[in-house]
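Down below is the structure, laid out as structure tokens.
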Amino acid sequence: MILYLDKLKSAVSLQILNSTQQLEHFCGGTLIQGGWIVTASHCLMQIEYEKHEIFAEIGSTDLYRNPEALIKVQDFYIRPLNQITFANDIALIRLPLSYRDLISNIVLPMNPKDLSLYEECFIVGYGSDHFLKDIIGSLRQASIEITLNERCKNTLDPYGRDNNPGMFCAGGGTKDACQGDSGSGLICQNVLVGIVSYGSSCGVPGIPGVYTDIQYHMDWIELILVQCDAHAM
């Protein structure tokens, strides 16, 4: 990814305490309105099992040199993940009440349309810039194009998992998500269209990355939001 110079206030670093009791980044996410963060379910499954506390750092340009305040998350909601196909790779995190008025410049796709119609798309995250390397920690972005499903399926077949409903491909050039970018957003004109799910290596020409399709999961997202709002009354 190229360095992202402007501060995207909705980019999120999810962090937990490591074995030396230091906070470390493990996945990305995207802040939306109401104090909610959208991320990938595979990011949280192990965390849930091991009962880790999760902290969110929102809008930092650099996790090490220019950190923002850490917020301990209140709850999270995981859509059950198919660990073979990675279907349903989506989760929601809720911030405490005092942070629910945080402003986000990213919105959900309330008016679904064909993915091929989305333009000016980019991915953003704090992850590594090379396969199997440590995360960079600085906020970076890369412009990226959504790939048609048939081409995606043909490309990914030799690499294991098949593309399935609720997911799509993007990229396939040298610009790509990498380690530490899981859960981060694919954003098109301020609309959160996808979530970084998985890929084969990073930035290998001809091999796209796979993303969770937010539009496909809007019914589940809206159900969680409504249930939680009703509970809070």
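Keep in mind that the numbers below use all heavy atoms, side chains included, and drop hydrogens, waters and symmetry copies. Everything quoted here is computed from the prediction, not taken from an experiment.
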Margin query: Please check: side-chain N/O of D89 versus main-chain N/O of S41, any donor-acceptor pairing under 3.5 Å?
Written below: yes
Item checked: Rounded distance [0.5 Å steps], NE2 in H52 versus CG in L44 -> 11.5 Å
Item checked: I37 and L92, any side-chain heavy atoms less than 4.5 Å apart -> no
Check: Does the N82 side chain pair with the main chain of T85, one donor and one acceptor, at a distance under 3.5 Å?
Finding: yes
Margin query: With a 6.0 Å cut-off (strictly less than), is the heavy-atom count around CD of E24, excluding the residue itself, greater than 12?
Written below: yes
Next item on the list: Answer yes or no: is there a side-chain heavy-atom contact under 4.5 Å between W36 and C228?
Entry: yes
Next item on the list: Go through the structure and list residues passing salt bridge (Lys or Arg N to Asp or Glu O under 4.0 Å) with D75, not counting sequence neighbours.
Entry: none
Check: Is there any disulfide bond (SG atoms under 2.5 Å apart) pair reaching into residues 9-40, and which pairs are they, with sequence neighbours excluded?
Finding: C27-C43
Notebook entry, point to check: With no hydrogens and no angle check, do the side chains of D62 and S138 hold a donor and an acceptor under 3.5 Å apart?
Noted result: no
Item checked: Partners meeting side chain to side chain contact (heavy atoms under 4.5 Å, CB included) with E222 (sequence neighbours left out) -> M110, M218, D219
Checklist line | Closest heavy-atom pair and its distance - K9, I58 | finding: O-CG2, 3.2 Å
Notebook entry, point to check: In Å and rounded to the nearest 0.5 Å, what is the CD1 to CZ distance from I224 to F76?
Noted result: 13.0 Å
Notebook entry, point to check: Who pairs with S98 by side chain to side chain contact (heavy atoms under 4.5 Å, CB included), at least two apart in sequence or on another chain?
Noted result: P96
Notebook entry, point to check: Mind checking what makes side-chain hydrogen bond (donor to acceptor under 3.5 Å, both in side chains) contact with H25, not counting sequence neighbours?
Noted result: S13
Check: Any side-chain heavy-atom pair from L186 and I144 closer than 4.5 angstrom?
Finding: yes
Checklist line | All ring-ring contact (aromatic ring centres under 6.0 Å, His included) counterparts of Y99, not counting sequence neighbours | finding: none
Check: Any side-chain heavy atom of V210 within less than 4.5 Å of one from V196?
Finding: no
Notebook entry, point to check: What residues form a side chain to side chain contact (heavy atoms under 4.5 Å, CB included) with T30, not counting sequence neighbours?
Noted result: S10, I106, L192
Item checked: Residues I195, I214; criterion side chain to side chain contact (heavy atoms under 4.5 Å, CB included); working and verdict -> CA-CA 7 Å; I195 304 167; I214 297 289; 3.6 Å; yes
Next item on the list: Report yes if some heavy atom in the side chain of I146 is under 4.5 Å from a heavy atom in the side chain of V193; otherwise report no.
Entry: yes
Next item on the list: Would you name the heavy atoms of P80 and N88 that are closest together and state the gap between them?
Entry: O-CB, 3.2 Å
Item checked: Rounded distance [0.5 Å steps], OH in Y198 versus OH in Y211 -> 12.0 Å
Next item on the list: Any chance you could measure Q189, atom CD, to F122, atom CZ, to the nearest 0.5 Å?
Entry: 10.5 Å
Next item on the list: Evaluate the criterion side chain to side chain contact (heavy atoms under 4.5 Å, CB included) for residue pair V124 and L139; output intermediate values, then yes/no.
Entry: CA-CA 7 Å; V124 60; L139 185 60; 3.3 Å; yes
Check: Could you walk me through whether F26 and S182 pass the side chain to side chain contact (heavy atoms under 4.5 Å, CB included) check?
Finding: CA-CA 8 Å; F26 69 92; S182 287; over 6 Å; no
Checklist line | Heavy-atom donor-acceptor pair, E68 side chain to E57 backbone, under 3.5 Å | finding: no
Check: Quick one: CD1 on I93 to CG on L14, what's the gap to the nearest 0.5 Å?
Finding: 4.5 Å
Distance-only donor-acceptor hits, side chain of residues 114-121, under 3.5 Å, sequence neighbours excluded:
unit_1	atom_1	unit_2	atom_2	d
D114	OD1	S116	N	2.8
D114	OD1	S116	OG	2.5
Y118	OH	Q215	OE1	2.7

Margin query: Does any part of the side chain of L95, heavy atoms only, come nearer than 4.5 Å to the side chain of Q74, both counted from C-beta?
Written below: no
Item checked: Nearest heavy atoms of S184 and G28, plus distance in Å -> OG-CA, 3.5 Å
Notebook entry, point to check: Is the closest side-chain heavy-atom distance between Q33 and R100 below 4.5 Å?
Noted result: no
Check: For H42, which residues count as a ring-ring contact (aromatic ring centres under 6.0 Å, His included) partner, sequence neighbours excluded?
Finding: F86
Margin query: Measuring only between side-chain heavy atoms, which start at C-beta, is Y216 closer than 4.5 Å to I90?
Written below: no
Notebook entry, point to check: According to the disulfide bond (SG atoms under 2.5 Å apart) rule, which pairs have a member within residues 64-113, sequence neighbours left out?
Noted result: none
Next item on the list: For K72, check salt bridge (Lys or Arg N to Asp or Glu O under 4.0 Å) against everything at least two apart and list the hits.
Entry: E53
Notebook entry, point to check: So which residues get pulled into L23's cluster when ILVMFWY side chains under 4.5 Å apart are joined, directly or through others?
Noted result: L17, F55, L70
Checklist line | Separation of L223 CG from R79 CZ (nearest 0.5 Å) | finding: 9.0 Å
